Amino acid sequence: MHEAYEVIPIVQKLPAGLQIETISAYDDYLLVGTKSGTLLFYQLVPSTKPGSPNYEVKLLKSNRAFTKKSITQLQAIPEFQMLIVLADGVVTAFDLSQFNLQPIAVLAKTKGAHYFTHNIQKLKSLTGEVTLSFRICVAVRKKLQIFYWKPKESKFLEFGQDLSLRDVPRTIVWCGESLCIGYKSEYSLMKLTGDPKDLFPTGGNQQEPLVSLLPNDQLAVGSDEQTILIDSEGNPTMKYSIKWSKVPIALVHDFPYLIAVLPNSVEVRPIEPRIHVQSIDLQKAKTIVTSKRGWVFAASNSDVWLLHAVSFPEQISQLLSQKQFELALHMAEMTNESEVEKQQLIQRIENLNAFYLFCKQSFKEAMDLFLKLETDPSHVIGLFPNLLPEEFRSSLEYPDRLPNLQGTELENGLVALTDYLVEVRHRLNSDSTGNVPSMTAIMESSKTKVRSKKQLLQIIDTTLLKCYLQTNDALVASLLRVKDNYCHIDESERALKQHQKYSELIILYNKKGMHRKALELLERQAKKTDSPLKGHERTISYLQPLGVEHLDLIFEFAKWVLREYPEDGLKIFIEDLAETENLPRTQVLTYLSETEPDLVIPYLEFIIHHWNDESSVFHNTLVNKYCEKALILLSEYKNSLPEGHSPAPAGLEPGELGDLRMKLLRFLEESQFCSVDRFAIHMMDKGLYDEGAVVLGRLGRHEDALTIYIHILQNYAKAENYCRKNYCKDKPGNQDVYLILLKLYLPSPENQKVNIPAVGYVPPAKPDIERAISILKEYSNEIDSFKALGLLPSIISVSAVKNFLELVLHNIQARKYDVQLKKSLLYAEHLQVQAKSIHFHSYKLTVTDLDMCRVCQKRIGKSAFAHFPTGVTVHYSCKDQYSAGTN
């Protein structure tokens, strides 16, 4: 409770014989009507005498014979300088501007009236001119009479037909276009059109119905100890009613308070919040009216008091000390301060309100208010323990001792703080300027500590991290991955280590470019079985995207992975990532050769076959590595063979050797970027004859290659397969591969040894006439028959090559027929072309001056023209347009 009004006696103990029946007030004036018909007119003037009451009361007029009988009701209408009086059952209007209060109009029709109410409305014309309309409603037994004031005629006119009621009304209040009527036991709402709407009972303890008009066409309606607020349609405007300590006798509204006369006192309560503000000991008061804001007159049978509102600044000070912030805000809006000062006061009150909402653990409401007030986020964060550095937090000031939050209370608060910080962060990032936003402190005397937008974002992001760690640690990684996160490194590192969030710590290091610290942590944690970073996979995935600018770091921390998990470690250099693909491959190859030589081949295979690297250095290196490994495996393979067993052909050996030689052979055949000329001698010198034969073949040395297959390897199937791959009748050097094969099967005319570099002189194999004849038969179309016959020795009978000769003759005859057929077809086509030429040359077209272009409808004349097979002639420039139209 606080002192909202001070009581000032105005009229004390009227003279004997005078008893107050009703009062009315406006501005500084008070009108008192008595039961004997006397009207007393007072004026309140501010006192100038020291020590005297606040106001001096002057009796301006005392008219003992104002009415013959009791003055039942008074209502001053200052807007029209009019006083409405109900006395002796008749409503009369008097002129307030005249000292002797001359009557203006007597509403004779109201004879028998017992109550009236009035209504003043502002009307705006089409031209924008604002005028006032004045209406009164008079209750005469069970009827309502409505009149409106006609200023030009200075009289009241009837407003429609009388409205019939079901009972005699005890009170009436005009609200908008409705009349709220209080009967003895219930309330009703009636439109001016006469449509009634029942509301609710007056209550069992309410002796008389009680209705008071509020701003914005609202009504305060009494029901026993509570007052219900409704609108002009009868709908409740508040969820809760206002409760009084006893049943009110009279009720008025003086913003922001409702003031009720109770049997033994006057009670003051605001509409919102629902609190008891003040009780004033006025035991004999029976009626109450307002004059102007802050002036309320209460009267008993013989006394009148002024309830003068305590200044709003004083009330606000009292309310703040009692933590009644909502009411203080209502008052702050009504102060007479400048707009700037008023806003500062409102902001101060709301900050205090938000602080005490926080202390009451209304965390969401507090955070919403801090967000609305644009309070310095660092001050808001400081409300919680262990979120700010202690030195920073100790420099902040707060209105009261901070609550000691723990357990569920702390978690609920952190959740609300998280939502608040996310929204603040969004607003800061949406602001394209780099300036620090204007912020207020919770305490007016406390200054904001933040000096830059970056510093503020750093505080927010670091606090968000700490909040997530305590409430929802699944969101920590998401925050750290945000592109523009500003988490303070040392604070964040300390918090993550405290909660053993090593995976998230790796993300922090990565985003801040602290790769060495991240990789050192990964290496330390890799062998800890209970660590979320155990194993080598995280190190691999971390190194892969680092890129060429961190090549030294990649080489340094890839060593332990390659040493312990070579196959997985190779993924560091061959992952399908732009950063990995752009690593300098020569340096990577050198590094692998020195660190883990066994990985050189798979690395080269990947960059050549998957990344399509065309560098001859890598192709040659791969061939060399294939050969080196093949020789080692071949030696082991031969040593493992039982005595007398021959090794399997190249590529068909068991296990790794067979696969390796097959890959080498295939690579030598397919690679277009290795320098094959340097490998032939080397390979055959080491006994890799199959590989040497492939290289010789690529060099065009077909005789040497076939000699190896036949004389050294004695693999005739490979020799024929070689011929099939290399034969091409249109390519010089490859036309006679079958002829060379035939030659090698036949005895050498000179009977000399074959000389193959790196192999030396190889004695010719025993002539194989049958194979030679078989080659002649099978590949007769690919062999020059005349050269082949020239190679055949005399020892071969004609009958042995009969089939070959027949095939040759048949082929010759077939080619002859084919040539004759083509010749005949070409001659026939020639005759057709000649016939068409004669036909077209015999066609005559005459173009005269009268011929018109079918497209532009102009004469063709001597212009270039085009003639279509359809017989249409057009300008040459119009031919495309005509063709498009016909299509």
Side-chain angles (χ1 to χ4, degrees), residues 562-571 574 589 592-593 595-610 618-671 674 676 678-698 704-726 741 744 756 758-760 762 765 768 771:
L562 291 170
R563 183 175 61 250
E564 299 180 24
Y565 309 96
E567 292 185 5
D568 289 344
L570 183 60
K571 295 177 183 177
I574 62 172
L589 181 61
L592 290 175
S593 300
T595 307
E596 197 64 34
D598 290 342
L599 296 177
V600 170
I601 289 178
Y603 175 71
L604 291 171
E605 288 176 339
F606 187 89
I607 65 173
I608 291 172
H609 299 310
H610 193 78
F618 298 133
H619 286 250
N620 291 339
T621 303
L622 181 58
V623 172
N624 278 327
K625 293 298 178 181
Y626 276 151
C627 291
E628 289 175 8
K629 190 171 183 180
L631 289 171
I632 295 171
L633 295 174
L634 184 60
S635 175
E636 294 174 355
Y637 170 62
K638 288 180 178 179
N639 292 335
S640 66
L641 288 174
E643 188 175 353
H645 283 69
S646 300
L652 299 179
E653 298 95 339
E656 185 181 3
L657 175 61
D659 295 337
L660 182 65
R661 294 194 72 181
M662 186 61 69
K663 286 196 290 186
L664 175 57
L665 291 168
R666 189 182 302 114
F667 186 72
L668 289 171
E669 291 175 354
E670 297 175 355
S671 173
C674 63
V676 293
R678 57 181 286 192
F679 292 116
I681 297 175
H682 172 74
M683 288 177 176
M684 290 183 290
D685 185 43
K686 300 296 183 180
L688 299 176
Y689 297 111
D690 286 87
E691 292 79 354
V694 173
V695 173
L696 290 171
R698 289 191 55 182
D704 290 343
L706 288 170
T707 300
I708 291 172
Y709 286 125
I710 296 173
H711 291 266
I712 297 176
L713 299 176
Q714 297 182 359
N715 194 323
Y716 309 112
K718 281 191 174 183
E720 291 186 31
N721 188 52
Y722 176 89
C723 292
R724 281 193 290 272
K725 288 182 179 179
N726 289 277
L741 179 62
L744 293 174
I756 302 176
V759 176
V762 179
D768 195 336
R771 288 187 181 279

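Note that the numbering runs from 1 along the sequence shown for the chain. Since this is a predicted model, take the numbers as computed values, not measurements.
When Thr621, Asn624, Asn620 are each tested for a side chain to side chain contact (heavy atoms under 4.5 Å, CB included) with Cys674, only one passes: Asn620.
Taking Tyr603 as the reference, nothing meets the ring pair (Phe, Tyr, Trp, His ring centres under 6.0 Å) condition, with sequence neighbours excluded. Legend: residues meeting side chain to side chain contact (heavy atoms under 4.5 Å, CB included) with Arg563, ordered by chain and number and at least two apart, are Trp560.
Taking the six-membered ring where tryptophan is involved, the planes of Phe667 and His609 are perpendicular, since the angle between them exceeds 60° and thus also 30°.
Of the inter-residue distances, the one linking Glu669 atom CD with Glu691 atom CD reads 10.5 Å to the nearest 0.5 angstrom. Rounding to the nearest 0.5 angstrom, the gap separating the CG atom in Leu744 from the CD1 atom in Ile708 is 11.5 Å. Distance OH/Tyr722 to CD1/Ile710: 11.0 Å, rounded to 0.5 Å. Atom CD of Glu628 sits about 11.0 Å away from atom CG of Leu660, to the nearest 0.5 Å. Atoms CZ and OG, from Arg666 and Ser671 in turn, are 13.5 Å apart once rounded to the nearest 0.5 Å. With values rounded to the nearest 0.5 angstrom, Leu741 atom CG is found 11.0 Å from Tyr716 atom OH.
Pairing each heavy atom of Ala705 with each of Gly697, the nearest pair is CB-N, 4.1 Å. Closest of all the heavy-atom pairs between Leu706 and Ala719 is CD2-O, 3.6 Å. Between Leu657 and Ala630 the shortest heavy-atom distance is CD1-O, 3.7 Å. Looking at every heavy atom in both residues, Ser593 comes nearest to Val600 through OG-CG2, 3.5 Å.
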Between Tyr565 and Lys571, is a side chain to side chain contact (heavy atoms under 4.5 Å, CB included) present by the stated rule, with each step listed?
CA-CA 10 Å; Tyr565 309 96; Lys571 295 177 183 177; over 6 Å; no
(message) Run Leu664 and Asp690 through side chain to side chain contact (heavy atoms under 4.5 Å, CB included) and show every step you take.
(response) CA-CA 10 Å; Leu664 175 57; Asp690 286 87; over 6 Å; no
Apply the test side chain to side chain contact (heavy atoms under 4.5 Å, CB included) to residues Ile712 and Thr707: give CA-CA distance (whole Å), side-chain angles for both, the deciding distance (0.1 Å), then the verdict. CA-CA 7 Å; Ile712 297 176; Thr707 300; 5.9 Å; no
Evaluate Ile574 against His610 for side chain to side chain contact (heavy atoms under 4.5 Å, CB included), listing each step before the verdict. CA-CA 9 Å; Ile574 62 172; His610 193 78; over 6 Å; no
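In the displayed structure, Glu564 atom CD is contacted under 6.0 Å by more than 12 heavy atoms of other residues, nucleotides or ligands.
Side-chain contact check for Pro649 versus Leu713: every heavy-atom pair is 4.5 Å or farther apart. Between Leu668 and Met683, some side-chain heavy-atom pair lies under the 4.5 Å cut-off. At least one side-chain heavy atom of Arg661 sits less than 4.5 Å from a side-chain heavy atom of Leu634. Counting heavy atoms from C-beta on, the side chains of Leu570 and Pro602 come closer than 4.5 Å.
Remark: the backbone N or O of Gly655 is not paired with any side-chain donor or acceptor of Tyr637 at under 3.5 angstrom. Side chain of Ser635 to main chain of Ile632: no donor-acceptor pair is present (N/O by atom type, distance under 3.5 Å, no hydrogens or angles).
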